[in-house]
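Down below is the structure, laid out as C-alpha cells.
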Amino acid sequence: MIPGSFEYHSPGTLIEAASLLRRHGDEAKILSGGQSLIPLLKLRLATPGHLVDINQVPGLAYLQEADGNLRIGALAREADLEDSDLIRSRYPILSDTSRAIADPLVRNLATVCGNLAHADPANDHPATMLALEAEATAVGPGGERHLPLVSFFTGPFTTALQADEILTEVRVPAPPPRSGGAYLKFERKVGDFATAAVAVQLTLGPDGTCDRIGIGLTNVGPVPIKARNAEAWLRGKPLEERTCKEAARLAAEESQPVSDFRGPAEYKRDLVRILTARALRKALERIAGG
Ligand SMILES: Cc1cc2nc3c(=O)[nH]c(=O)nc-3n(C[C@H](O)[C@H](O)[C@H](O)COP(=O)(O)OP(=O)(O)OC[C@H]3O[C@@H](n4cnc5c(N)ncnc54)[C@H](O)[C@@H]3O)c2cc1C
C-alpha cells in the first residue's frame, strides 16, 4: 500500500504542465482528483516517475453554459455537478451520473475529466457523454485539439489522448426544447461500480416522434458502447411502449458483457434491456414534466 517513489510537480499554469508532460513523456502522469490514480499507485499497478498535479492551475474548476454548450472544466468535481442547480434543471442525466458514483468522499475530489481520461469501462461518465454526444478539448505541445467522445475511448483504460496532452474541458451540447435524459445504474451495493448501466438522452420533434437519441452503455464491453442500432431504430418513430421495447432489445444485443464476479454475461445483457427501457421511460417523463 506504499507507492513507489516519484517526483512531484505542481505547475501553476497549463503551459508549464504541458511542458512537464513533454519533458517526461510516458514517465509522467497527471494527478487531478487522485481517486483512481492514488489507488493504482498504492497497489503499484502504476509506477510513474513523475506526477504532474494540476490542482494549482487556476481557472479549470468551472461548470458553465456558453455558446450553446455546457462546458465542464478539468477541475470540476463530481460534487460540483451534484450541487449545481444548472445541472439538476438542464442536464438531469449528468446529475444522475454524478450521484451514482462511489460515495460523497470520492465525489468531493474526483473530476469528470479524470473519470473520462481514466477510461475504465466501469466508469459512469463515458456512457453518459456518448449519449450526450459530447466533445473533449485536449491541450498539448501541438496546441488545442477537439476530440468527439465517440472516438475517444480506444480500449480499456486507453484513450485518444497523447501522453503529453491534458484534457482541459468537456463540452456538452445544450439540450434543445423537448429534451430529457436519464442514467440508470444497477450496482451490487451502494458505491460499487456498475454491473451494468444505461444512459439515454432524447429529444422529441414537434410531432412527438424521436428527433435525436443517444444511448450509452456502461461496463458491458471493453469500452463504453454507443448503442447505434437501437438509436437508429428509434429515430423518426413515436416513443410507444412497443418501439421502446424493441430499442431496448437492440441495445442488449449490442452489449458485449463477459461473465465475472458481478454476474453471468446473459444476466448483464438482460439488465441492459431492462435499464434501456426504463431510462427511455424516465427521459420521456422528464420531457413531459418540463
Ligand atoms: C472507492 C471508489 C469507488 C469508485 N466508484 C466509482 C463508480 O462507481 N463509478 C465511477 O465512474 N468511478 C468510480 N470511482 C472512480 C472515480 O470516480 C475516479 O477516480 C475519478 O472519476 C477519476 O477522476 P480523478 O480526478 O480522481 O482522476 P485521477 O485519479 O487523478 O486520474 C485518473 C487517470 O486519469 C488521468 N487524468 C486525470 N485527469 C486528467 C486530465 N485532465 N487530462 C488527462 N489525463 C488526466 C490521470 O493521469 C490518471 O491516469 C471510484 C473510486 C473510488 C476510490
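For ligands, and for the atoms within them, numbers begin at 1 and follow the listed sequence.
- Scanning the protein for heavy atoms near atom 20 (C) of ligand 1, the closest one is Ala110 CB, 3.7 Å.
- Close approach of ligand 1 to Asp124 (heavy-atom distance below 4.0 Å) involves ligand atoms 7 (C), 8 (O), 9 (N), 10 (C), 11 (O).
- Separating the CZ atom in Arg278 from the CD atom in Glu285 is a distance of 12.0 Å, to the nearest 0.5 Å.
- For atom 53 (C) of ligand 1, the closest non-hydrogen atom of the protein is Gln35 O, 3.3 Å.
- Considering each of Val190, Thr218, Asn55, Val106, the one bringing a non-hydrogen atom nearest atom 2 (C) of ligand 1 is Val106.
- The closest protein non-hydrogen atom to atom 14 (N) of ligand 1 is Phe193 CZ, 3.5 Å.
- Val170 and Ile166 are not part of a single hydrophobic cluster, where members link through side-chain heavy atoms under 4.5 Å apart.
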Exercise for the section: Carefully, step by step, assess Arg107 and Arg77 under the rule side chain to side chain contact (heavy atoms under 4.5 Å, CB included). Expected result: CA-CA 7 Å; Arg107 297 200 292 266; Arg77 319 274 167 182; over 6 Å; no
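- In terms of N/O distances under 3.5 Å, ligand 1 is not approached by Asp103.
- In terms of protein heavy atoms, atom 4 (C) of ligand 1 is closest to Ala102 CB, 3.4 Å.
- Aromatic ring pairs are classed by plane angle as parallel below 30°, tilted from 30° to 60° and perpendicular above 60°; the pair His118 and Phe157 is perpendicular.
- Residue contacts with ligand 1, taken as heavy atom pairs separated by less than 4.0 Å, do not involve Asp120 at all.
- Only side-chain heavy atoms of Lys185 come within less than 4.0 Å of ligand 1; its backbone N, CA, C and O stay farther off.
- Some N or O of Gly33 is nearer than 3.5 Å to an N or O of ligand 1, by distance alone.
- In terms of protein heavy-atom proximity, atom 35 (C) of ligand 1 is closest to Ala117 CB, 3.9 Å.
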